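Beneath this line is the structure, given in structure tokens, with notes to follow.
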Amino acid sequence: MRSLLFVPGDSEKKLEKGFGAGADVVIVDLEDSVAPQNKAMARDIAARFIFGHRQHTSSAIYVRVNDLSTGLTDDDLAALVAARPDGIMLPKSNSGRDVQHLSAKLRVREAENGLADGAIRILPIITETAAGVLAAATYAGASARLAGLTWGAEDLSAAIGARAARDERGRYTDVFRFARTMTLLAASATEVAAIDTVFPNFRDMAAFEAECAEAERDGFTGKMAIHPAQVPVINAAFTPSAEAIAHSAAVVAAFDAAGNPGVVGINGKMYDRPHLKLAERLLARAKAAGISA
């Protein structure tokens, strides 16, 4: 999962464009991008569109449902599980317990629709409330359905009363950098993908490219998008380069040839087990992107 593109669930035109954007994941949105009076209509449009178009896209299909506190989640699942999405994005997740709660709901819906138990994955947004940020460590072992962890700044800003999430230079302020860091650490502890949040100003591509590069540097393996034009930038940023792949393959080969010792030397430089683990992770990312070493 490098690129995850949000598409409003109540617009067939935008859904069609999103399904053809080349994103690894299309997130059909029933939450923030849909007005309260359009929720029922969005469910109907989204379900019909997924049924009719899933064979015409290479993207995985996730649905962002309304959060558990709204009372709308069950209606969302009743309408959309029948369309057999690959996953559900859970907004405003407050802890691993919320993921377990959603998993129990999915188990019932999967049985009703002839799907295998656990067929639908879960991707929670874990920093949209103060409680969620503070409970980031609770996702380890919460559910085998977890596909990754991601974060959001806008809802957290509203929740804590922050007037802005970024400073005058466009950098996240401390609270939001903390939320970002907690997401990255929680994903590592849970051994799932760490997905970076959206970049709202889709017209500022230079700043967007810089943020993608920073996220990849820090350990995120993908990023969410709000506009199709952001998708190729994300895919490029989170696809390992040929040079990085070759280097990682050489590190793995050196350890293998030496019988997997604690340390190996390559071209006069020493590499230890953490270097091996990092190389293996990069090669796994390359394989997931369809690139062989």
Side-chain angles (χ1 to χ4, degrees), residues 1-93 102 106 109 113 120-125 128 147-148 150-155 157-158 195-205 208 222-235:
M1 289 193 297
R2 298 165 301 174
S3 51
L4 300 88
L5 175 64
F6 282 106
V7 185
D10 60 352
S11 171
E12 287 196 28
K13 181 179 179 180
K14 291 180 179 178
L15 284 165
E16 186 164 359
K17 188 174 182 179
F19 271 49
D24 291 341
V25 179
V26 172
I27 304 171
V28 179
D29 190 19
L30 302 180
E31 195 214 13
D32 283 349
S33 66
V34 177
Q37 66 272 19
N38 291 341
K39 297 291 187 183
M41 179 181 69
R43 294 184 193 108
D44 181 59
I45 291 174
R48 285 190 289 104
F49 194 91
I50 293 172
F51 268 123
H53 293 78
R54 68 172 309 119
Q55 301 303 321
H56 306 294
T57 182
S58 59
S59 303
I61 301 169
Y62 277 53
V63 176
R64 178 162 71 169
V65 296
N66 291 280
D67 74 84
L68 294 169
S69 71
T70 63
L72 300 174
T73 314
D74 286 333
D75 289 339
D76 293 340
L77 296 177
L80 272 300
V81 168
R84 304 190 173 208
D86 298 291
I88 298 294
M89 172 170 276
L90 177 64
K92 300 178 182 64
S93 181
L102 175 59
L106 284 172
R109 299 296 178 183
N113 290 279
I120 299 175
R121 309 297 299 280
I122 296 175
L123 178 60
I125 308 177
E128 293 184 308
T150 189
W151 73 288
E154 283 71 27
D155 284 278
S157 179
I195 307 299
D196 196 23
T197 193
V198 299
F199 184 82
N201 186 3
F202 61 86
R203 290 186 175 87
D204 190 346
M205 295 305 288
F208 179 61
K223 189 171 180 65
M224 298 186 292
I226 60 169
H227 192 280
Q230 294 179 323
V231 169
V233 176
I234 294 173
N235 285 345

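In this text, all values refer to a predicted model and were calculated from it rather than measured experimentally.
Remark: the backbone N or O of R84 is paired with a side-chain donor or acceptor of R54 at under 3.5 angstrom. Here the side chain of Q230 pairs no donor or acceptor atom with the backbone of F208 at under 3.5 angstrom. Remark: the backbone N or O of V34 is not paired with any side-chain donor or acceptor of N38 at under 3.5 angstrom. Put simply, the side chain of S3 never gets that close to the backbone of I234: no donor and acceptor are under 3.5 Å apart. Checking side-chain atoms of S59 against main-chain N and O of A23 turns up a donor-acceptor pair under 3.5 Å. Put simply, the side chain of S93 never gets that close to the backbone of I125: no donor and acceptor are under 3.5 Å apart. Between the side chain of K39 and the backbone N or O of E31, at least one donor-acceptor pair lies under 3.5 Å. For D86 (side chain) and Y62 (main-chain N/O), no donor-acceptor pair under 3.5 Å exists by modelled atom type.
Here the closest non-hydrogen pair linking D10 and I45 is O-CD1, 3.6 Å. The shortest non-hydrogen separation linking M205 to A229 is CE-O, 3.7 Å. The shortest heavy-atom contact between A83 and A47 is CB-O, 4.0 Å. Here the closest heavy-atom approach between residue R43 and residue L80 is recorded as O-CD2, 3.9 Å. In plain terms, the two heavy atoms of A46 and L15 that are nearest each other are CA-CD1, 4.5 Å. Shortest non-hydrogen contact noted between D204 and F199 is O-CE2, 3.7 Å.
Contact check on K14 versus D29 returns no salt bridge, with no Lys/Arg side-chain nitrogen under 4.0 Å from an Asp/Glu carboxylate oxygen.
Using a 30° and 60° split on the angle between ring planes, H56 and H53 fall in the perpendicular class, above 60°.
A 4.5 Å side-chain heavy-atom check between E12 and R48 finds at least one atom pair inside the cut-off. Residues L106 and I122 are in side-chain contact: their nearest non-hydrogen atoms beyond the backbone lie under 4.5 Å apart. At least one side-chain heavy atom of L4 sits less than 4.5 Å from a side-chain heavy atom of L123. In this structure, the side chains of V63 and D76 stay at 4.5 Å or more apart for every pair of heavy atoms. For the pair M1 and R121, the minimum side-chain heavy-atom distance is 4.5 Å or more. Side-chain contact check for T70 versus K92: every heavy-atom pair is 4.5 Å or farther apart.
The line from CG of N66 to CG of L77 is 10.0 Å long, rounded to the nearest 0.5 Å. Atom OG1 in T197 sits 5.5 Å away from atom CH2 in W151 (nearest 0.5 Å). Between the CE atom of M89 and the CG atom of L102 there is a distance of 12.0 Å, given to the nearest 0.5 Å. Atoms CG and CD1, from L5 and I226 in turn, are 9.5 Å apart once rounded to the nearest 0.5 Å. Between the CD1 atom of I27 and the CE atom of M224 there is a distance of 6.0 Å, given to the nearest 0.5 Å.
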